[in-house]
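Hydrogens, waters and symmetry mates are skipped; everything else that's a heavy atom, side chains included, is used. Numbered from 1 within each chain, the chains take letters A, B, ... in sequence-line order.
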There are 2 protein chains.
Amino acid sequence: MSEKPYHHGALEAALMDAALDFVQTSGIEALTLRDLARTLGVSPSAVYRHFPSRDHLVSRVSQAARESLADALLEARNAVISNGRAKRRSVERFEAIGRAYVVFATQHPSLFAAAFALCDVPPAAEDNPSAWSVLVDSVEEMVVSQAIPASRRADAPIIAWAGVHGLANILTASIWPKGYAFDNEIDAVVTGISRAIS
Amino acid sequence: MSEKPYHHGALEAALMDAALDFVQTSGIEALTLRDLARTLGVSPSAVYRHFPSRDHLVSRVSQAARESLADALLEARNAVISNGRAKRRSVERFEAIGRAYVVFATQHPSLFAAAFALCDVPPAAEDNPSAWSVLVDSVEEMVVSQAIPASRRADAPIIAWAGVHGLANILTASIWPKGYAFDNEIDAVVTGISRAIS
DNA sequence: CCGAATATGTGAACACTGTCAACATTTATG
DNA sequence: CATAAATGTTGACAGTGTTCACATATTCGG
């Protein structure tokens, strides 16, 4: 019943939650330690009991964003219901992952930007499950189902990642060229990738 | 012979030059008005006689970076010497542009990041010649030379841009997945794009 | 169960930043 | 030439990350 306990109890988790909330609405570069502390009713220096610096906090947020992205990809992959053969299903899963990548970026632009914001502090060692591994696994599934030739096993992941990552950046960074309206860039790029790796 | 003339004379140009220099070595987010003024031997508020705010300065730097990129693309395009027919030459030019995009990013990572750093201040209206128009023109050249079907006229530019832009970001943002060494990602992606739009 | 070690939070400071208002000086203009 | 405009300076303000000394709560060995 005490109004203000001296100790918060779970400041670290609360900081991460609040930081993620803030980033989603205002972007990661607008994230401020003092703002964070203010919204949690805590003094600014309290943050330093849980994070050595703002950059470390940002790095953790970035890592959480990458995990959200990877989760979204896995979810999209598993949502594919295909009655066809393994060959067809592997392609449908692959394209679902690609679409989900871009959709995640457009639906959570600030989070996506935060996920790949370069930070001086290196991310934690164990950064799985990563979006990259989801992609690589999907490519491998296509290879074994003979949807794509085995000779593309090495190239396909980077080709696919470059395509969806580039489109995601273009769509979210507000650098779309003037005068070029486009109906469904996502379809164009995803099917383009499929052709590129076939 | 006076040591310190009260008026600098060409502060705006000097500011742009110094800012571009600084960005190339330290990145655009480390750019500081006070640092800039210090290196030019000028008071911080002098900057405000030429730029309404730091964001406007950053926006101008970003624009200059985009122009540098576009110049590099045009140069690479024009450096292609092809004795073959127009068809073959158009493809070679297109791939040269794609390679130059990624090479520019890897050789000037900070400049590339600055070029597409999102800024609140919208860029100036006349933003030509842009990398995008170079790409679109190249695609059109391939269409008229019948190197690619006309039906791909609409899709090809965004497919190509997404591919090279994505690879450029991946290579420069230090987000390359651990354990995946790769010989020539650029070749893989550029030739992949060519297949995708054929 | 108690006292000490440890974990966690506070308050006041420091250097730094972008920005602005008032003032100074140089240049341009009628 | 006088006056207006352009350009630079000084000093301030609020806000930031960070640190240090201190306060309080929790945990743990005896």
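Donor-acceptor pairing under 3.5 Å is lacking for the side chains of Ser59(A) and His56(A). Checked by atom type, the side-chain pair Gln24(A)/Ser110(A) shows no donor-acceptor distance below 3.5 Å.
Ring geometry, Tyr101(A) versus Phe112(A): the interplanar angle exceeds 60°, so the pair is classed perpendicular (tilted spans 30 to 60°).
Among the protein residues, Thr32(B) comes within range of the sugar-phosphate backbone only, with heavy atoms under 4.0 Å from sugar or phosphate atoms but none that close to a base.
For the pair Arg38(B) and dT17(C), the criterion of a side-chain N or O lying under 4.0 Å from OP1 or OP2 is met. Distances shown here put a side-chain N or O of His50(A) below 4.0 Å from the OP1 or OP2 atom of dG9(C). Here Arg49(B) does not reach the OP1 or OP2 of dG8(D): none of its side-chain N or O atoms lies under 4.0 Å away.
Ion pairing of Glu141(A) with Arg77(A) is present here, as a side-chain N (NZ or NE/NH1/NH2) and a carboxylate O approach within less than 4.0 Å.
Ile175(B) approaches Trp161(A) most closely through the heavy-atom pair O-CH2, 3.4 Å.
Across the protein-nucleic acid pair, Leu36(B) atom CG and dG18(C) atom C1' stand 13 Å apart, rounded to whole Å. dG8(D) atom P lies 11 Å from atom CZ of Phe51(B), rounded to whole Å. Between the CG atom of Leu15(A) and the P atom of dG17(D) there is a distance of 13 Å, rounded to whole Å. Atom CG in Leu40(A) sits about 16 Å away from atom P in dT8(C), given to the nearest Å. Per the geometry, CD1 belonging to Ile28(A) stands 16 Å off C1' belonging to dG17(D), to the nearest Å. Arg54(B) places its CZ atom 13 Å from the C1' atom of dT19(C), with the value rounded to the nearest Å. Atom CD in Glu29(B) sits about 13 Å away from atom P in dG18(C), given to the nearest Å. Taking atom CD on Glu12(A) and atom C1' on dA7(C), their separation rounds to 13 Å, with Å as the unit.
Distance from the side chain of Tyr48(B) is smallest for dG18(C) among the nucleotides dG18(C), dG8(D), dT18(D).
Each of Ala10(B) and Asp35(A) was assigned the nucleotide of DNA chain D with the nearest heavy atom; the assignment lying further toward the 5' end belongs to Ala10(B). Each of Ser43(A) and Leu33(B) was assigned the nucleotide of DNA chain C with the nearest heavy atom; the assignment lying further toward the 5' end belongs to Ser43(A).
Between the side chain of Ser45(B) and the base of dT10(D), a donor-acceptor pair under 3.5 Å is found. A donor and an acceptor atom never sit less than 3.5 Å apart when one is taken from the side chain of Arg34(A) and the other from the base of dG15(D).
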